Amino acid sequence: MARFLSLAEAVQSIVRDGDSVAMEGFTHLIPHAAGHEIIRQRRKRLTLIRMTPDLIYDQLIGMGCVDKLVFSWGGNPGVGSLHRFRDAVENGWPQPLAVEEHSHAAMANAYEAGAAGLPLAVFRGYVGVDLPKVNPRIKHITCPFTGEQLAAVPAHRPDVAVIHAQRADREGNVMLEGIVGVQKEAVLSAKRSIVTVEEVVDDFGPRNLNAVILPHWTLGAVVAVPGGAYPSYAQGYYKRDNAFYIAWDKIARERASFQAWMKDNVLEQGPEVFAAHARRLNAKAA
Amino acid sequence: MADYKPGEMMTVAAARALRNEDVCFVGIGMPSAASNLARLTHAPGITLIYESGTIATRPDVLPLSIGDGELCSTALTTVSVPEMFRYWLQGGRMTVGFLGGAQIDRFANLNTTVVGPYDRPKVRLPGGGGAPEIASSCGEIFIIMAQSKRSFVAKLDFITSMGHGEGGDHRARLGLKSKGPTKLVTDLCIFEPDPQSREMTVTSIHPGVTREQIADNTGWPVRYAANIAVTAAPTADELRVLREVHARTARAHGEAA
C-alpha cells in the first residue's frame with residue numbers, strides 16, 4: 001500500500017545497505033532526486049540494476065555506494081563515456097566494481113519475467129557474440145516443442161525499484177506517459193518500491209483508457225518531487241537538459257572535480273533544488 | 001560539384017541505402033542522421049523505430065539521446081521497451097537495422113564493449129545495448145563508421161554483435177536466417193560482403209579518395225570487388241537537407257550539437 005512520505009523518509013525506510021536496487025528510466029523520467037537522496041544517506045554495498053546506467057549511476061558509483069552493476073549499456077547518451085564508471089572498472093576507484101553485463105533484450109526480458117513471477121526469461125539472442133563467455137548467468141535452453149536453442153537469463157527480482165513519474169492521485173495511484181521504458185516491469189518485479197512524481201493531483205482527469213497506471217497497492221512510497229528527473233526530462237513538464245549531459249563529461253572526468261561537484265550539488269543540498277531546475281528549463285523552452 | 005565534407009559524403013551515401021518501404025531500427029548518432037536524411041529526401045514513407053519504443057517517429061531535429069522527447073512526440077505510437085524488443089525486434093518486423101560501433105573487423109563484427117581483456121580492460125566502452133539482437137533479428141544490417149586504423153582492426157578484443165562471424169556460412173550455421181551486414185559505409189568508401197567469403201569488400205569509392213588512403217585507414221589488407229563504382233557526390237538537395245537538419249539540431253540542443 002503506497003504511503004506518501006518525504007524523500008528522506010522513503011529512502012530511510014525502504015533502501016537498505018546491501019540491497020539490489022533498480023532505478024529505471026530510459027532516457028526519460030530518470031529518478032535523479034531519489035538517487036541523490038540515496039547518496040546523501042550513504043547507502044553502501046548496493047547492487048545496482050539498470051538497462052542504461054547514466055549520470056545518476058555514475059554518481060552513485062563514484063561516491064562508493066555500489067559493489068556491483070547489472071546493466072546493458074553504460075554511457076552518457078550522445079556524449080560518450082561515464083568517467084566514474086570507467087574509473088571503477090579500469091582502476092578500482094573508489095572501490096572495485098563487479099559487473100554483470102547483458103544485452104538490452106536480455107534485461108528487458110528479465111524485468112518482464114520478474115514482473116510475471118517467473119524464475120527466468122527466455123528469448124532469441126546472444127547468437128555469435130562474446131557476452132555469454134564472460135557472463136556465467138547467460139545460459140541456453142532447448143524449446144521442448146521445436147528443439148530451437150534459446151537464450152535464458154535469470155529474472156530480475158530487485159529488492160527495491162525506484163522510478164519517477166508524472167502524476168500521482170490522492171490515493172497514491174501513479175500515471176506515466178511518454179517513453180515509459182521498463183519502469184512498470186521494474187516496479188512489479190521488485191519487493192519494495194519508491195516512486196517520485198512531478199505532482200499529486202485530485203484526479204487524473206480525462207485520459208487514454210489504456211494509460212499506463214500503477215495502482216497504489218503495487219507501490220511502497222510515493223513522494224512528490226517536482227523536477228525530480230532533472231537533468232533527464234518529464235514529458236509534459238520540462239525538457240531534457242542536454243547541455244548538462246555535455247557538461248557532466250568535464251565534471252566527472254577528474255576525481256577532484258567530481259567530488260567538489262557532488263559536495264556542492266548533492267551532499268549540501270536537498271530534493272527541493274530540483275524544482276528550480278525544472279522551472280529554469282521551462283522558461284528556456286517558452 | 002558542390003563543396004562537401006567527407007562526413008557529409010558518408011551520411012548521404014548511407015541514407016541512399018535505405019528504401020521508402022523499409023522498417024528501420026535506428027541506432028543513435030550517425031545512423032540516426034542518415035536515417036532521417038533518407039526520410040527527408042527520397043524515402044518519406046520509411047518507418048523509423050528507436051529502441052526507446054518510438055514507432056514511425058518523424059523528429060524535426062536529431063535526437064541527442066535514444067529517448068529524447070522529440071522522438072516520442074512525433075511518433076505514431078510509443079510502446080514499452082520490453083514490447084519493443086519482444087514483439088517488434090525479435091518478432092522479425094524490422095527490414096533493416098542501422099548500427100555504428102567503436103571497432104569493426106573484416107567480417108563486420110562489431111565491438112562496443114572493451115578494448116583489452118574483459119576482466120582488466122584498457123578502455124571500458126559503454127557496451128552492446130540493443131546491438132547483439134539488432135544484428136541477428138533485423139532482415140539486414142547497414143553500418144556507418146568513419147574509417148581509421150584504430151577502429152578498423154584486424155582482430156577485435158570482444159565481439160559485441162555478430163556480423164559474418166568467421167565468414168562463409170557462419171551465420172547460417174548458427175541458425176540465423178537474417179542477412180547480417182550488407183553495407184558498410186565509411187567516409188572513404190562503401191564495403192559490401194563478398195558473396196562467398198562474406199569478407200567486407202570495397203564496391204564503391206567516394207570521389208577523390210585513393211586506394212592508398214583506404215589502406216592507410218584500415219587495419220587489414222583491403223579487398224576490392226572486380227567492378228568498383230565511384231560513389232555519386234552528394235547532390236545540392238541532399239546537402240541542403242542535411243545541413244538544415246544539423247542547423248535545426250544545433251539550435252535546439254544549444255552547445256549539444
Side-chain angles (χ1 to χ4, degrees), chain A residues 25-28 51-52 54 71-82 85-86 89-90 99 101-109 111-112 115 123-131 133-134 148-149 177-185 212 232-233 235 239-240 242-243 245-247 284, chain B residues 28-29 51-54 63-69 71-73 78-86 89-90 109 111-113 118-137 156 158-163 165 170-171 174-176 252-257:
Chain A
F26 207 86
T27 302
H28 182 214
M51 294 184 66
T52 52
D54 66 351
F71 77 112
S72 41
W73 190 89
N76 183 342
V79 179
S81 290
L82 293 177
F85 163 56
R86 279 187 57 177
V89 173
E90 294 169 16
V99 298
E101 187 166 0
H102 291 280
S103 67
H104 278 353
M107 291 285 286
N109 276 285
Y111 276 121
E112 201 177 54
F123 64 106
R124 192 178 288 122
Y126 289 130
V127 178
V129 302
D130 283 344
L131 267 181
K133 296 178 191 166
V134 297
E148 183 178 356
Q149 280 275 304
E177 55 192 353
I179 290 174
V180 294
V182 73
Q183 286 96 302
K184 181 173 161 179
E185 290 78 7
V212 178
S232 166
Y233 70 104
Q235 190 103 27
K239 289 191 165 188
R240 190 172 189 265
N242 283 331
Y245 279 81
I246 291 164
K284 238 167 75 178
Chain B
I28 203 68
E51 66 190 14
S52 52
T54 56
L64 182 71
S65 81
I66 201 90
D68 275 21
L71 292 175
C72 180
S73 49
T78 297
V79 300
S80 74
V81 166
E83 178 177 327
M84 175 51 61
F85 280 93
R86 290 170 66 79
L89 179 64
Q90 182 178 261
N109 303 297
N111 174 22
T112 56
T113 305
Y118 185 81
D119 292 332
R120 192 98 191 121
K122 199 155 70 178
V123 181
R124 174 64 235 200
L125 299 164
E133 284 74 27
I134 294 171
S136 57
S137 300
L156 296 177
F158 197 90
I159 296 180
T160 307
S161 65
M162 186 190 189
H170 196 180
R171 286 180 71 89
L174 295 181
L176 293 177
H253 295 334
E255 62 173 310

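Throughout, protein chains are lettered first and strands after them, A, B, ... in sequence-line order, and every chain is numbered starting at 1. The structure presented is a predicted model; accordingly, all values stated were derived computationally and were not measured. Any value given below was found using the heavy atoms of this structure, including those in side chains, with hydrogens, waters and symmetry copies removed.
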Rounded distance (nearest 0.5 Å) linking atom [atom1] of [X] with atom [atom2] of [Y]:
{"X": "A/Asp130", "Y": "B/Ile159", "atom1": "CG", "atom2": "CD1", "result": "5.0 Å"}
{"X": "B/Ile66", "Y": "A/Thr52", "atom1": "CD1", "atom2": "OG1", "result": "10.5 Å"}
{"X": "A/Glu112", "Y": "B/Phe85", "atom1": "CD", "atom2": "CZ", "result": "12.5 Å"}
{"X": "B/Leu89", "Y": "A/Phe123", "atom1": "CG", "atom2": "CZ", "result": "11.0 Å"}
{"X": "A/Arg86", "Y": "B/Leu125", "atom1": "CZ", "atom2": "CG", "result": "7.0 Å"}
{"X": "A/Glu185", "Y": "B/Ser80", "atom1": "CD", "atom2": "OG", "result": "5.0 Å"}

Considering all heavy atoms of both residues, which atom of [X] and which atom of [Y] are nearest to each other, and what is their separation?
{"X": "A/Arg240", "Y": "B/Asp68", "result": "CD-OD1, 3.9 Å"}
{"X": "A/Val129", "Y": "B/Met162", "result": "CG1-N, 3.7 Å"}
{"X": "A/Thr27", "Y": "B/Ser65", "result": "CG2-OG, 2.7 Å"}
{"X": "B/Pro82", "Y": "A/Gly181", "result": "CD-O, 3.6 Å"}

**Asked** Who wins among A/Gly128, A/Gly178, A/Gly75 for the most heavy-atom pairs under 4.5 Å with chain B?
**Response** A/Gly128
**Message:** Between A/His28, A/Glu101, A/Arg124, who has the most heavy-atom pairs with chain B when the cutoff is under 4.5 Å?
**Reply:** A/Glu101
Could you look at [X] and say if it's the side chain, the backbone, both or neither that has a heavy atom under 4.5 Å from chain A?
{"X": "B/Phe158", "answer": "both"}
{"X": "B/Asp119", "answer": "neither"}
{"X": "B/Thr112", "answer": "neither"}
{"X": "B/Leu174", "answer": "both"}
{"X": "B/Thr160", "answer": "backbone"}

**Request:** State, yes or no, whether a side-chain contact exists between B/Thr78 and A/Val180 at a heavy-atom distance under 4.5 Å.
**Result:** no
**Message:** Would you say that A/His104 contacts B/Val81 through its side chain, given a criterion of any heavy-atom pair below 4.5 Å between the two side chains?
**Reply:** no
**Asked** Most heavy-atom pairs under 4.5 angstrom with chain A, which of B/Gly67, B/Gly129, B/Gly127, B/Gly163?
**Response** B/Gly129
**Message:** Keeping A/Tyr233 on the side-chain end and B/Gly69 on the backbone end, is there a donor-acceptor pair under 3.5 Å?
**Reply:** yes
**Fill in**
If one checks every heavy atom of A/Met51 against chain B at 4.5 Å, the contacting part turns out to be side chain
**Message:** What part of A/Phe85 gets within 4.5 angstrom of chain B, counting heavy atoms only: side chain, backbone, both, or neither?
**Reply:** side chain
**Asked** With A/Asn109, which of B/Glu133, B/Arg86, B/Gln90 fulfils side-chain hydrogen bond (donor to acceptor under 3.5 Å, both in side chains)?
**Response** B/Arg86
